[in-house]
Structure formats: C-alpha cells, structure tokens
Amino acid sequence: MGLLEIKNLKKSFGELNVLSNISMDVSEGEVVAIIGPSGSGKSTLLRCATLLEVMDGGSLKLDGEDAAVDENGTSKYVSKKKLHELKNSFGLVFQNFNLFPHYTVLKNVIDAPVCVQKRNKEEVIKEAKELLKKVGLEGKEDSYPCQLSGGQQQRVAIARALAMKPKMLFFDEPTSALDPEITAGILRVLRQLAEDKMTMIIVTHEIEFAKKVADRVIFMDGGVIVEEGSPSEVIDNPKNERTKAFLQRLEK
C-alpha cells in the first residue's frame, strides 16, 4: 500500500518557483533516498509531504488518506482535525535535531507519546529505554542535550520520532551537521531501521549510503524529478546528463 502519494505538487515562494509537477509514491517498507544539488527543492518537497509547508497545487495522501486534494490546480487541505490525526502516521528527523534543551533525553523521547498520544506513561518509558538502547544511548536517559555530542543528539531525535510508532519516517539531511566519524554511526542506525522494514524517505548527500540502503533513488534538480530508479540505475548508470554531471562533481 502507498503510505505516501504525491501528485502534481507545485510550490512557489513569491516569484520563485521551487517545485514543478512533482509526483511520487512510497510503499510500505520502502526506503527512498532523494539526492540532488542544493536549492533543487529536496527539503521543500519533504516539508510539503510532512505538512510543514502548504502546497500551491497538487494532491497529497498520507497512509492512504487525503491530506490535500487538487481542485482546479489548487491544493485544498482537509480539516485541521484530520491533518492533526494524519500527523501521527509519520515521524520527522531534522538536520539540526530540534530537541528540547531543558528536557532530559528520556523526557524528550516520552513527551509526545504521553502528552499528545495520551499513552500509558510507564509503558512509554519502558519502550523509550528500549529505543535508546537500540540507537546506542543506553545509560544516557538522564543527560541533557547540551551534554551530548551532535551524533548523540541526532540519535535522540531518531528515538523520539520512533517513540510515536510512526508508519514512516522522513529525514532531512540527517548527517549534514555531523563530522564523518559520527555520520557513520547515524548511518548504521538508519541501516538497521531499513533492515527492520521501516518505511523511510531520506533527503541525503551521502551517495554511498543511498547506494547501499535505498530501494529507490530520486534525483532532483531545478524543482523537478529528473531521474528515478534503483540505486544501480540512478547512481551507477545514470541516463540523464544532469544526473551524470551532479554525480561527477561529487567524485572530485
């Protein structure tokens, strides 16, 4: 089943046309990597898909349900209540962590499941400790974000997203603020999630990672999807000249 369906997405900021006629489907258990140069619209696409940005045109379905429908070329969103419900179907991990600085690691992870989803606190704490162990942060429950490295903070952000029991996870350049050694640790966590069949949409500049972990790679440039296919098709044997040029620049 398609957990994410986008059709003919258009988005402009004033005179600047950022996304033109973007369509994509993501199935359950699929890992999709979105690559492309800076300013190609990758992050805006993610922000539209996760309801942080309002689409100008096109339709959006999350977990099989309408979030926005296209009415004569304009996106019409469903009710705020419905959008709030749909937000529970996905988790989002940013490049700058966005943790609450005054909360401990454990409180950062349990806050939304307890306060927003109204789940049993003891149960959530037990699950949170398991998640922190899974991302390699056992024993850090009582630490504060300022006491952690960037890589550790990013792992807390991943655990926090997983604590909501989402059907899919969106990552916006999850390693761009981290040095190479720490990046390797985060990529290991993502690889583990892929093995667990977590549906993931990852905007990344880590081409080798995309090659190894993604089921499908989408190359964007100038606000359009230029090429998409398996990693071996898009990364190893790109057909489009723009894709070739982008990958060659990265190799230098």
Side-chain angles (χ1 to χ4, degrees), residues 1-95 116 161 164-174 198-204 210 214-230 233-234 239-240 242-243 246:
M1 188 186 85
L3 284 184
L4 173 69
E5 291 175 48
I6 294 172
K7 287 197 171 56
N8 305 323
L9 161 55
K10 298 180 189 71
K11 178 69 186 172
S12 300
F13 294 107
E15 295 293 300
L16 183 66
N17 189 18
V18 182
L19 297 171
S20 309
N21 271 333
I22 298 271
S23 294
M24 67 183 282
D25 285 1
V26 179
S27 303
E28 200 167 344
E30 194 177 15
V31 179
V32 177
I34 304 174
I35 62 171
S38 294
S40 58
K42 307 184 300 292
S43 290
T44 305
L45 170 58
L46 216 62
R47 290 178 67 81
C48 288
T50 55
L51 308 172
L52 289 171
E53 208 66 76
V54 176
M55 309 188 306
D56 297 330
S59 63
L60 169 64
K61 276 189 177 188
L62 292 162
D63 195 15
E65 296 195 49
D66 286 324
V69 292
D70 196 314
E71 283 194 0
N72 304 321
T74 303
S75 299
K76 189 171 177 8
Y77 281 81
V78 296
S79 68
K80 279 195 173 142
K81 183 174 179 286
K82 186 67 192 168
L83 289 176
H84 188 69
E85 282 169 26
L86 288 173
K87 281 183 179 174
N88 270 336
S89 65
F90 63 82
L92 183 55
V93 179
F94 300 91
Q95 54 185 318
V116 179
M164 299 288 282
K165 295 187 184 291
K167 293 191 174 170
M168 59 185 151
L169 282 179
F170 292 88
F171 294 87
D172 188 7
E173 297 276 14
M198 171 53 91
T199 309
M200 294 188 282
I201 298 98
I202 307 169
V203 168
T204 184
D215 300 300
R216 187 154 46 103
V217 175
I218 290 174
F219 170 67
M220 285 182 69
D221 192 13
V224 297
I225 292 175
V226 175
E227 193 165 348
E228 70 176 297
S230 68
E233 287 168 333
V234 177
K239 292 180 182 62
N240 191 285
R242 278 200 272 179
T243 318
F246 171 71

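Values reported hereafter were calculated over all heavy atoms of this structure, with side chains retained and with hydrogens, waters and symmetry mates removed. Quick note: residue numbers are just sequence positions, from 1.
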#### Entry: Side-chain heavy atoms of Phe171 within contact of Thr204, under 4.5 Å
no
### Under 3.5 Å donor-acceptor, Glu5 side chain and Leu60 backbone
no
### Query
What residues form a side chain to side chain contact (heavy atoms under 4.5 Å, CB included) with Lys165, not counting sequence neighbours?
Arg119, Glu127
### Message
Against Leu92, only a single residue in Ile201, Leu169, Leu52 fulfils side-chain contact (heavy atoms from CB on, under 4.5 Å); can you say which?
### Response
Leu52
### Query
Is there a donor-acceptor pair closer than 3.5 Å between any side-chain N or O of Glu233 and the backbone N or O of Ser230?
yes
### Summary
Heavy atoms of Leu9 and Cys48 approach each other most closely as CD2-CB, 4.0 Å
### Message
Is it the case that the side chains of Ser43 and Asp172 hold a donor-acceptor pair, with the cut-off being a distance below 3.5 Å and no angle test?
### Response
yes
### Query
Is there a side-chain contact between Leu45 and Ile34 (heavy atoms, below 4.5 Å)?
yes
#### Entry: Check: Asp221 main-chain N/O paired with Ser40 side-chain donor or acceptor under 3.5 Å
no
### Task
Look only at the side chain of Asp70 and the backbone of Gly58, and say whether a donor-acceptor pair between them is shorter than 3.5 Å.
yes
### Message
Under a 3.5 Å distance rule, please check whether Asn240 uses its side chain to pair with a backbone N or O of Arg242 as donor and acceptor.
### Response
yes
### Query
Taking it one step at a time, do Met164 and Asn88 satisfy side-chain contact (heavy atoms from CB on, under 4.5 Å)?
CA-CA 7 Å; Met164 299 288 282; Asn88 270 336; 3.8 Å; yes
### Message
Does any part of the side chain of Glu173, heavy atoms only, come nearer than 4.5 Å to the side chain of Val93, both counted from C-beta?
### Response
no
#### Entry: side-chain contact (heavy atoms from CB on, under 4.5 Å) between Ser75 and Asp56, intermediate numbers included
CA-CA 6 Å; Ser75 299; Asp56 297 330; 5.9 Å; no
#### Entry: Qualifying residue for side-chain contact (heavy atoms from CB on, under 4.5 Å) with Met220, from Ile22, Ile35, Thr243
Ile22
### Value rounded to 0.5 Å, distance of CD in Glu30 from CE in Met198
14.5 Å
### Query
Hey, are the side chains of Lys167 and Thr199 touching, using non-hydrogen atoms and a 4.5 Å cut-off?
no
### Task
Enter the distance from Met24:CE to Lys7:NZ here, rounded to the nearest 0.5 Å.
12.0 Å
### Message
I'd like to check Ile218 versus Glu227 (side-chain heavy atoms, cut-off strictly below 4.5 Å). Are they in contact?
### Response
no
## Note on the structure
To the nearest 0.5 Å, atom CG of Leu62 lies from atom OG of Ser89 at 5.0 Å
### Task
Compare all side-chain heavy atoms of Ile202 with those of Val32 and state whether any distance is below 4.5 angstrom.
no
### Query
Is there a donor-acceptor contact under 3.5 Å from the side chain of Lys11 to the main chain of Thr44?
no
### Least distance between heavy atoms, Leu19 atom then Gly41 atom
CD2-O, 3.5 Å
### Task
Give the minimum heavy-atom separation between Ala161 and Gly91, together with the two atoms involved.
CB-CA, 4.4 Å
## Note on the structure
Glu85 meets the side chain to side chain contact (heavy atoms under 4.5 Å, CB included) criterion, sequence neighbours left out, with Lys81, Lys82
### Task
Would you please test Glu228 and Arg216 for salt bridge (Lys or Arg N to Asp or Glu O under 4.0 Å) and show each step?
CA-CA 7 Å; Glu228 70 176 297; Arg216 187 154 46 103; 2.7 Å; yes
### Query
Can you find a heavy atom in the side chain of Pro37 that is under 4.5 Å from one in the side chain of Phe219?
yes
### Message
Test side-chain contact (heavy atoms from CB on, under 4.5 Å) on Lys61 and Leu4; report intermediate values, then the result.
### Response
CA-CA 6 Å; Lys61 276 189 177 188; Leu4 173 69; over 6 Å; no
### Message
Asn17: which residues meet the side chain to side chain contact (heavy atoms under 4.5 Å, CB included) condition with it, sequence neighbours left out?
### Response
Ser12, Ser20
### Message
Could you check whether any side-chain heavy atom of Leu51 comes within less than 4.5 Å of a side-chain heavy atom of Tyr77, counting everything from C-beta outward?
### Response
yes
